[in-house]
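Scroll down for the structure; my scribbles are underneath it.
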2 protein chains.
Amino acid sequence: MSEPKLLVLAADPLPRLGRLTGKVRVAYADEDTLAEQLPSADVLLVWDFTSDAVRRAWPGDGSRPRWVHTPSAGVDRLLCPELAESDTVVTNARGIFERPIAEYVAALILAMAKDLPGTLDLQRQRHWRHREGLSVAGTRAAVVGAGPIGRTIARTLKALGILTAVVGRTPRDGIHGVRDLDPLLARADWVVCAAPLTDDTRGMFDARRFDLMQPSARFVNVGRGPLVVESDLVAALDKRWIAGAALDVFEQEPLPSGSPLWDAPGLIVSPHMSGDTVGWRDRLGEQFVDMYEAWSAGRPLPNVVDKKRGYVPMHDDSSE
Amino acid sequence: MSEPKLLVLAADPLPRLGRLTGKVRVAYADEDTLAEQLPSADVLLVWDFTSDAVRRAWPGDGSRPRWVHTPSAGVDRLLCPELAESDTVVTNARGIFERPIAEYVAALILAMAKDLPGTLDLQRQRHWRHREGLSVAGTRAAVVGAGPIGRTIARTLKALGILTAVVGRTPRDGIHGVRDLDPLLARADWVVCAAPLTDDTRGMFDARRFDLMQPSARFVNVGRGPLVVESDLVAALDKRWIAGAALDVFEQEPLPSGSPLWDAPGLIVSPHMSGDTVGWRDRLGEQFVDMYEAWSAGRPLPNVVDKKRGYVPMHDDSSE
């Protein structure tokens, strides 16, 4: 029996695949050659996970890989209806991004509470101006998204003394359902979006929801750009419906230099980096190799995406 | 018996003294009139706690107040040898600043780990440049200062997964003595100074100690400015002996606009605000009123400073 063929969507050879030497034939594809190579692949590793080439190439002729892995938390770039309805297993990188993203959210919330952007502005002007910060202990956060990232964010904020509610698709132990979302938004000091991007969640943060929030509230998005109606957020900041926001993800990435988001009042713009900490690519490579060894030994794969829902469902989450 | 006389060193009338109406005669002094009013005062409230007027006025003629309260954590501005050797009780504002300062330190450490200053710089240029942050979980911190502020900082950093050691004057349960300081500095990713300013601690962060630290280390001072030899810190940053620093306190405050600290590489300058959160003056006023009521009822005062050591000693800390 010949070795399985692993097709990697990546511009450059990958780190950390050495352990698979002799166990797999590795081929590389780019966005242009992916369609023609798909029929011969047993496994597809979507290393360039910001590409939507898979979504475009999948509905083609010939056989399809049995397993597709994306080294990201979200699978929105990947899932087309034909892939969702196929027998192909899709897995994600659960376990890699949770703590870095939770730390990043804590960094943003604390920076806004202590007006660190204002401090850095004043420092550039060599201007000493004392101000009063907020104490985050005892404030209220609503974290939207009850996957492992949302729940890790909630644990981290709770550790800082922030009273934190988590909102998921369906209510369950310790997690609010969507029905509670609006009342929770209305009394939150911090609203954190860490939801998956699905048909149900696209555009969920719109003018109506920003209008519900307190004038002192701050909004943070580390999920996916299209969860937010960006023009509505800019308007909400302009009209001081909310006090500030921080976006790490955008409808279009990189954010075009002409976007009004860059200088919206009270908005922090960061370049989709919340989960990316030194060594992250190595960790993603090692995670895939571990998963490949399980797969080739016939053991069950972890992190299997529910392709109808568009994320890894809770019951798979044995680590939490 | 006439009411005791409370002398307040403050430019403006104070908030939150209403509860003392009828129990005390309140008089106000400024830096110029303090000396002449001291002999008639039973209690001195040093509301303008950044002033060193008490230190200058104390060694005068006539009787002295029996109790001096400063609404600050540090008492270094206050203590002159004559006050230290007198029978006058000195108290501080223990309990007000711990959590705000701990949050502020967490904000600085997370901001440096995630390069938030770099992100804000790039945002001003409308420039999208992805970078990798550090995960703080699993990094090492050394917190210098084992009072309630240092210990609250340590608890907060531990809650973020940072391996945190506390260094105090003498070793005791869970706290390292000064003997361990240098080895702890040598392996710390984060060095946080929250020590009281005394003859023993003045200038403790000097060229030798910055040289001990790792090139990747960051230094944070929320104690008092003279704990750090500022010119040595600038040199250490210039020579890349350490990767960054954040100072909230300075030898001279406000920091003069010509100071080289404003644009030292990798240095965050903030205007002595780490403990000051919305409502802090009210909380300080209420704390003094509570203490005054205890004092006038003959109950023991909390937060009594050991005037020889220059801080409230640990055994007084029943809340920890």
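All chains are named by letter (A, B, ...) in the order of the sequence lines, taking the proteins before the strands, and each is independently numbered beginning at 1. Bear in mind the structure is a predicted one, so any value in this text is a computation, not a measurement.
With a 4.5 Å cut-off on non-hydrogen atoms, Leu108(B) touches chain A through its side chain but not through its backbone. Heavy-atom distances place the backbone of Arg129(A), and not its side chain, under 4.5 Å from chain B. Only the side chain of Asp121(B) comes within less than 4.5 Å of a heavy atom in chain A; its backbone stays farther off.
Within the 3.5 Å criterion, the main-chain N or O of Phe250(B) finds no donor-acceptor partner in the side chain of Glu230(B). No donor-acceptor pair closer than 3.5 Å links the side chain of Arg218(A) to the backbone N or O of Ala113(A). Of the possible donor and acceptor atoms, one in the side chain of Gln287(B) sits under 3.5 Å from a partner among the backbone N and O of Arg94(B). Side chain of Arg126(A) to main chain of Gln123(A): no donor-acceptor pair is present (N/O by atom type, distance under 3.5 Å, no hydrogens or angles).
For the pair Ala141(A) and Leu157(A), the tightest heavy-atom approach, listed with the atom from each and the gap, is CB-CD1, 3.9 Å. The minimum heavy-atom distance between Val191(A) and Ala188(A), with the atom names listed, is CG2-CB, 3.9 Å.
Under the 30°/60° scheme for interplanar angles, the aromatic rings of Phe49(A) and Trp280(A) are found to stand perpendicular.
The candidate with the highest count of non-hydrogen atom pairs below 4.5 Å against chain A, out of Thr119(B), Leu255(B), Val278(B), is Val278(B). Ranked by heavy-atom pairs under 4.5 Å with chain A, the list Thr156(B), Leu120(B), Val136(B) is led by Val136(B). Between chain B and the options Ala159(A), Ala107(A), Ser259(A), Pro254(A), heavy-atom pairs under 4.5 Å are most frequent for Pro254(A). Of the listed residues Lys158(B), Glu253(B), Glu132(B), the one with more heavy-atom pairs under 4.5 angstrom with chain A than any other is Glu132(B). Between chain B and the residues Arg124(A), Arg99(A), His127(A), His272(A), the most heavy-atom pairs under 4.5 angstrom are made by Arg124(A). Per-residue heavy-atom pair counts under 4.5 Å with chain A were compared for Ser270(B), Ser274(B), Gly275(B), and the maximum is reached by Ser270(B). The choice from Leu116(A), Ile109(A), Leu122(A), Asp263(A) that makes the most heavy-atom pairs within less than 4.5 Å of chain B is Asp263(A).
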